[in-house]
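Atoms considered below: every heavy atom in the structure, side chains included; atoms not considered: hydrogens, waters and symmetry mates. Residue numbers start from 1 in every chain, and the chains themselves are labelled A, B, ... in the order their sequence lines are given, proteins ahead of strands.
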Amino acid sequence: MRYDHSKIEKKWQKKWRADSLYEPAIRAGGPDFAHAKKPYYNLMMFPYPSAEGLHVGNMYAFVGSDVFGRMKRMQGYDVFEPIGLDGFGIHAENHALKIGANPMVQAKVSEKRFYAQLDAIGNGFAREESLETYDPAYYKWTQWLFMKMFERGLAYRKEAEVNWCTGCLTVLSDEQVEGGKCERCGNIVEKKRLEQWFMRITDYAERLLANIDELDWSEKVKIAQRNWIGKSEGVNIKSRVKDLGIAFEAFDSVPQTFAAQTFTVIAPEHPLVHDLVRGTEHEAAVMAFVGKMKKARAAREYDAVKAEPEGIFTGRYAEDPFGTGDLPIWVASYAVADYGTGIVHCSAHDERDFAFAKKYGIPLRAVMVPKDSEEAEKVRSLKYAYCRDPHGVMEAPAELAGMEWGAAREAAIAYLENKGYAYRMTTYRLRDWLISRQRYWGPPIPMIKCEKCGWQAVPEADLPVVLPRVKEFRPTGTGKSPLASVKSFYETSCPKCGGKARRETDVSDTFLDSSWYFMRYLDPHDEKRIFDAGVVEKWLPVDMYIGGAEHSVLHLLYARFVTMVLKDMGYIGFEEPFTVFRAHGLLIKEGAKMSKSKGNVVNPDEYVARFGADTLRTYLMFLAPFSQGGDFRDEAVLGVYRFLNRVWEMAHDAKSEARNPKSETDPEKAEKALNIAIKKVTEDIGSLKYNTAISALMICLRSFEEGGVSKGQFMSFLKLLAPFAPHMAEEIWHALGEKSSIHRASWPEFDEKIIREDSFDLVVQVNGKTRGTVRAERGVDQADVEALVRGDALLAKWIGEKEPKRVIFIPDRLINFII
RNA sequence: GCCUCUGUGGCGGAAUUGGAAUACGCGCAACGCUUAGAACGUUGUCCCCAAAAGGGUUACAGGUUCGAGUCCUGUCAGAGGCACCA
């Protein structure tokens, strides 16, 4: 009899939901987070729903997380596995625009479709706790969070050069720009000066960096975060512009070579540039150059990496800081305005500086040379830029002479500090988080600007600031949100003085929505508070977080930041939200990335309809290691389909007690196969190696087919299968007479004694080449093994008559004769 | 340019972490069952010469070791992260 998945899967999905089977710690029919005995927070990144529906890549990630959660649940944990929709944001809005729908209306359509699809994949979602970021009940607290950040001085307003996406017509955070293009729509990103809201994430740079060491995350993601934060230690050199008396500082991360500094560069965007040249003969030319550079950078015509450095002399000098002569100040294209101080003293020991000086004929001086005297002469005569060699020998200043570059660092800093030329400085590449978006589909930033009192936060009692349903939601491209033309929205009164005031009409970045959702899941319906601190303390940090590696720096960094802020505010006692994070791999289709334009996007619905969710789930987990991702191949689905059908066939045998279809019943063989499978599946699910866990199940089933199986053994096997094929396992479980769900049954244990064989094949090598095996008892000693080998004519001939030079014996594994 | 990974049959991928390379699955072939096909079942399937015994093989070239897919050095190829960041 064939397995009819369509009826069976629907039946159990309904029953599980009706029984609240996947709600953690159910009491009196409902979830009870406060009284859970063994809380286990099994979280996956929530998806942003598109009307095209669930992508098989989404399903891959969710099922991978679910398999893990299901085992944990059967191991006795109160597993909480919530699901929600990250529906606010540019992505969802762009899609709505494309199909000509209002995002607010479209969200409801997508929501319905998405949840229906999510419910069909058979995950153990705690659906009572689902949330959507565009629900006012949710974004009320996103706004509350913003308001609290403002009160604490962590949200602030400043005019800044921002990334302006010419496609989405909004500003983007640095993180959302990839190679000068918008990561969402691919259009050119320009630079624009606008006044915007920022989050002071740079205040947390050191903590965000330091904590990384303690996290149980994949190394790749940790490295990505470290790179992003980009800590650089060095000194700020105190300097002064000659004749003008203007003081400035220059950051230097390699202070060893300070004595080589012969010129100074300043970024074209630096506010000081005009002051340097105002009223001088250089003003016109320099300002023209600055204008040209700004324009080129704004239009992204300027490729920062490839372009040859350009510059112009300002006619000014930095006063000689170290008695080495005044340094001409140049405006240079390669200087970055918002890193360090935007002004740098340059030397021959930096490739960019060297190339720039050569191009414009600026004098250089080498103070460090290689050990090799011939090479040293080349460096002294400035043939090439000699940089960052730890074994380079210092020649100047006298205080450092003779020291190796690597060792000279501290000495150089001490020298500079003692002389009062500089002080220690740590610089980060991380910039503050730009929150404002000039779009419609997001949570309005809860701020009010009063003509008299200035910026005021919307009081908690007035939250949420509800996003109005409007006709004109298209981005305007003017630097203002569509809400800026909705009078009924922006006209308001000042919360402080009651006078005339205007609401902020920008909305916040969608990454603010997703920076705290995992806390809200624990009671998304609470109207009075953002969360119950006791419950959050009990359940968080998240025990296992699974998601895409593409969120390595964006989402994960923001979530960590917000969690730290909440801790500092005293709302929670922990500062890292995710104890363990594992990134899943990318699913591709027949060797190519899935994309709509290629037409190779797999729609899970088709496969669920044809083979059932269990088959698709098991196949997705089988095709490759979960952390690696893999290749989805239509033909290969059949292999898993056959396997599950064989399980189904065996169920009919098992029902009428142990039957052995093909040979004499061998209960020991089945028991051993089962124990091996329990061990392998338990370990492999624990380390997310689902592909080999399924392989172990296949081997175990084969063994049952050959040697027969008892009902009890088969039921243990079903438990191992349950995380992968939850519907079929449940169906057979009940058919075998069980009344309660298999998904709350206890996970089987294995017995090492049964797995271990008494006799085994010991490998025999001669000169390291394998020549055969001998059957031996476990624990056999070397002399007995040698006797066995000599007794075997085929093996003995390899060794010959002579005594071997050496014999290597690895107990219970191998013997190697060296002759 | 810098920093991380990854290279194993026709294909997806295994390999108690230094101990019999290719588990499991796909595909393919033969056979069985079928009027036929599908489905299902059985057997075989890394390459070379071969009946067998042997020999070769984990991108390539070296090295360490009794023994290397696994460790080290270099080269090539692919993926990802950062990038005029001083």
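The minimum heavy-atom distance linking Y619(A) with D631(A) is given by the pair OH-O, 3.6 Å. The two atoms that bring P804(A) and R790(A) nearest to each other are CD-NH2, 3.6 Å, heavy atoms only.
Atom P of rU35(B) sits at a distance of 30 Å from the matching atom of rG25(B), rounded to the whole Å. Atom name C1', nucleotides rA68(B) and rA77(B): the rounded distance is 22 Å, in whole Å. Using atom C1' as the reference point in both rA23(B) and rU45(B), the two lie 15 Å apart (nearest Å). The same atom, P, is picked in rG74(B) and in rA86(B); the two are 25 Å apart, to the nearest Å. For the C1' atoms, the distance linking rC76(B) with rA61(B) amounts to 11 Å, nearest Å. rC71(B) and rA79(B) have their P atoms separated by 23 Å, given to the nearest Å. Taking atom C1' on both nucleotides, rC11(B) is separated from rC2(B) by 36 Å, rounded to a whole Å. rU17(B) and rC28(B) have their C1' atoms separated by 34 Å, given to the nearest Å.
Each of G340(A) and I694(A) lies near RNA chain B, and the nucleotide nearest I694(A) is the one positioned closer to the 5' end. Annotation: of the two residues near RNA chain B, N767(A) and A624(A), the 5′-most nearest-nucleotide partner is A624(A).
Contact annotation: R702(A) side-chain N/O to rA23(B) OP1/OP2 distance is not under 4.0 Å. The side chain of R633(A) places no N or O atom within less than 4.0 Å of a non-bridging phosphate oxygen (OP1 or OP2) of rC11(B). In terms of phosphate contacts, R771(A) brings a side-chain nitrogen or oxygen within less than 4.0 Å of OP1 or OP2 of rG55(B). Not one side-chain nitrogen or oxygen of Q765(A) sits closer than 4.0 Å to the OP1 or OP2 atom of rG19(B). Close to rA86(B), at under 4.0 Å from its OP1 or OP2, lies a side-chain N or O of Y339(A). The phosphate of rG56(B) has OP1 or OP2 within less than 4.0 Å of a side-chain N or O from K769(A). For the pair S232(A) and rA86(B), the criterion of a side-chain N or O lying under 4.0 Å from OP1 or OP2 is met. Phosphate proximity of rG12(B) to N691(A): absent, as no side-chain N or O sits under 4.0 Å from OP1 or OP2.
When the C1' atom of rA86(B) is taken as reference, atom CD of Q256(A) falls 13 Å away, rounded to whole Å. Straight-line distance from the OH atom of Y619(A) to the P atom of rC24(B): 18 Å, rounded to whole Å. Put simply, CZ on R813(A) is 19 Å from P on rC66(B), counting in whole angstrom units. Rounded to an integer number of Å, the gap from NZ of K680(A) to P of rA15(B) is 6 Å. Rounded to an integer number of Å, the gap from Y641(A) OH to rA39(B) P is 11 Å. Per the geometry, CD1 belonging to I212(A) stands 13 Å off C1' belonging to rG81(B), to the nearest Å. Distance E219(A) CD to rU6(B) C1': 16 Å, rounded to the nearest Å. For the pair Y690(A) OH and rC24(B) P, the computed distance is 23 Å after rounding to whole Å.
A 3.5 Å limit on both hydrogen-bonding distances identifies no Watson-Crick or G-U partner for rG37(B). Nucleotide rU6(B) is matched to rA77(B) when pairs are restricted to Watson-Crick or G-U wobble geometry with both distances under 3.5 angstrom. For rC82(B), the paired nucleotide is rG1(B), the pair qualifying as Watson-Crick or G-U wobble because both relevant distances are below 3.5 Å. Under the Watson-Crick or G-U wobble criterion, with both distances below 3.5 Å, rU16(B) is left unpaired in every strand shown. Base pairing analysis places rC46(B) opposite rG56(B); the two distances defining the Watson-Crick or G-U wobble pair are each below 3.5 Å.
The residue L814(A) sits close to a base: some heavy atom pair falls under 4.0 Å. Contacts of I810(A) with the nucleic acid, taken as non-hydrogen atoms under 4.0 Å apart, include base atoms. Residue contacts shown for E351(A) are absent, as no nucleic acid heavy atom lies under 4.0 Å away. G342(A) comes within 4.0 angstrom of a base, heavy atoms only. Using a 4.0 Å heavy-atom cutoff across all strands shown, I808(A) reaches at least one base atom of the nucleic acid. Nucleic acid contact class of D338(A) (heavy atoms, under 4.0 Å, all strands): none. Residue contacts shown for R756(A) are absent, as no nucleic acid heavy atom lies under 4.0 Å away. Contact annotation for T427(A): no contact, since no heavy-atom pair falls under 4.0 Å across all strands. Residue contacts for E635(A): at a heavy-atom cut-off of 4.0 Å it reaches the sugar-phosphate backbone alone, with no base atom in range. At a threshold of 4.0 angstrom between heavy atoms, the contacts of R226(A) with the nucleic acid are absent. Using a 4.0 Å heavy-atom criterion, one finds that V640(A) contacts no nucleic acid atom at all.
For the pair H345(A)/S239(A), a side-chain contact is recorded, criterion being any heavy-atom separation below 4.5 Å from C-beta on. Proximity of L762(A) to F809(A): side-chain heavy atoms (C-beta onward) are separated by under 4.5 Å at one or more points.
Results of the side chain to side chain contact (heavy atoms under 4.5 Å, CB included) test with F724(A) over L644(A), L620(A), I694(A) single out I694(A) as the only residue that passes.
Listed candidates were rG54(B), rA20(B), rG12(B). Nearest to the side chain of D631(A) is rG12(B). Listed nucleotides rA20(B), rC24(B), rC84(B) differ in distance to P309(A); the shortest reach to its side chain belongs to rC84(B). Taking every side-chain heavy atom of F251(A) into account, rA86(B) is the closest of rG81(B), rC66(B), rA86(B). For P625(A), taking side-chain heavy atoms from C-beta onward, the closest of the listed nucleotides rA86(B), rG19(B), rA14(B) is rA14(B). Here rG67(B) is the nucleotide among rC84(B), rA20(B), rG67(B) with the atom lying nearest to any side-chain atom of N816(A). Of the listed nucleotides (rC66(B), rC84(B), rA53(B)), rC84(B) has the atom at the smallest distance from the side chain of Y334(A). Across rU4(B), rA86(B), rA53(B), the shortest atom-to-atom separation from the side chain of A335(A) is found for rA86(B). Side-chain proximity of R806(A) to the nucleotides rG81(B), rA86(B), rC66(B) is greatest for rC66(B). The listed nucleotides are rG19(B), rA86(B), rU4(B); the one nearest the side chain of I223(A) is rU4(B).
A salt bridge links K359(A) with E308(A): the closest approach of a Lys/Arg side-chain nitrogen to an acidic carboxylate oxygen falls below 4.0 angstrom. Between R771(A) and D792(A) no salt bridge is recorded (no basic side-chain N to carboxylate O distance below 4.0 Å). Under a 4.0 Å N-O distance rule, the pair E649(A)/R646(A) does not qualify as a salt bridge.
Not a single donor-acceptor pair under 3.5 Å links the side chain of N236(A) to the backbone N or O of Y423(A).
A syn orientation is assigned to rG9(B), its glycosidic angle lying within 90° of 0.
F760(A) does not carry R775(A) over the face of its six-membered ring by the limits of under 6.0 Å from the centre and within 45° of the normal.
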